[in-house]
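Basis for what follows: all heavy atoms, side chains included, without hydrogens, waters or symmetry-related copies.
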Amino acid sequence: MTASDKGVYAISVAAEMVAMEIQNLRVYERRGLLTPDRTSGGSRLYSADDVDRLVRIRTLLADGLNLAGIALVLELEEEVERLRARLGGTSA
């Protein structure tokens, strides 16, 4: 686990960081768009990577995609990253 994927932000802090409503973050989790860490008591903890992903979700929403479309885009972006890693990085 790297520093950027360790959950450190409470849901209220993460929501404020990305200018979203807390309920939206819960919806995105239910839809599988992100998976925050959990405390032993069940509270959500968002990492820097989660916050970046929320910014990406916000951008895609602003571009007119619905949540199903966003899920596909995020999945494809992850696949591209996996393939780049297999090929030894990116080439410009």
Distance in Å, [X] [atom1] paired with [Y] [atom2], rounded so as to fall on 0.5 Å steps:
X     : Y     : atom1 : atom2 : result
Leu65 : Ile57 : CG    : CD1   : 11.5 Å
Met20 : Ile11 : CE    : CD1   : 11.5 Å
Leu61 : Asn66 : CG    : CG    : 9.0 Å
Leu33 : Glu75 : CG    : CD    : 11.0 Å
Asp5  : Asp37 : CG    : CG    : 7.5 Å

Q.
Thr35: which residues meet the side chain to side chain contact (heavy atoms under 4.5 Å, CB included) condition with it, sequence neighbours left out?
A. none
Q) Does Thr39 have any side chain to side chain contact (heavy atoms under 4.5 Å, CB included) partners at least two apart in sequence or in another chain, and if so, which? A) Ser43, Leu45
Q. With distance as the sole test, does Asp63 use its side chain to make a donor-acceptor pair with the main-chain N or O of Leu60 at under 3.5 Å?
A. no
Q. Under the 3.5 angstrom rule, does the side chain of Arg58 hit a backbone N or O of Val18 as a donor-acceptor pair?
A. yes
Identify, with sequence neighbours excluded, every residue that meets side-chain hydrogen bond (donor to acceptor under 3.5 Å, both in side chains) alongside [X].
X     : result
Ser4  : Thr2, Asp49
Arg82 : Glu79
Arg38 : Glu29

Q. Just wondering, do Val8 and Ser47 contact through their side chains at under 4.5 Å, heavy atoms?
A. no
Q) Would you say Tyr46 and Arg44 make side-chain contact, with heavy atoms under 4.5 Å? A) yes
Q: State yes or no: do Leu34 and Val55 share one hydrophobic cluster built from I, L, V, M, F, W and Y residues joined by side-chain heavy-atom distances below 4.5 Å, directly or via other members?
A: yes
Q) Are Arg53 and Glu77 close enough for a salt bridge, meaning some N to O gap below 4.0 Å? A) no
(Q) Against Leu74, only a single residue in Leu72, Ile70, Leu76 fulfils side chain to side chain contact (heavy atoms under 4.5 Å, CB included); can you say which? (A) Ile70
Q: Might you confirm whether atom OH of Tyr9 has over 12 heavy atoms from other residues, nucleotides or ligands at distances under 6.0 Å?
A: no
(Q) Taking salt bridge (Lys or Arg N to Asp or Glu O under 4.0 Å) as the cut-off, I'd like each qualifying pair that reaches into residues 11-27, sequence neighbours left out, listed once. (A) none
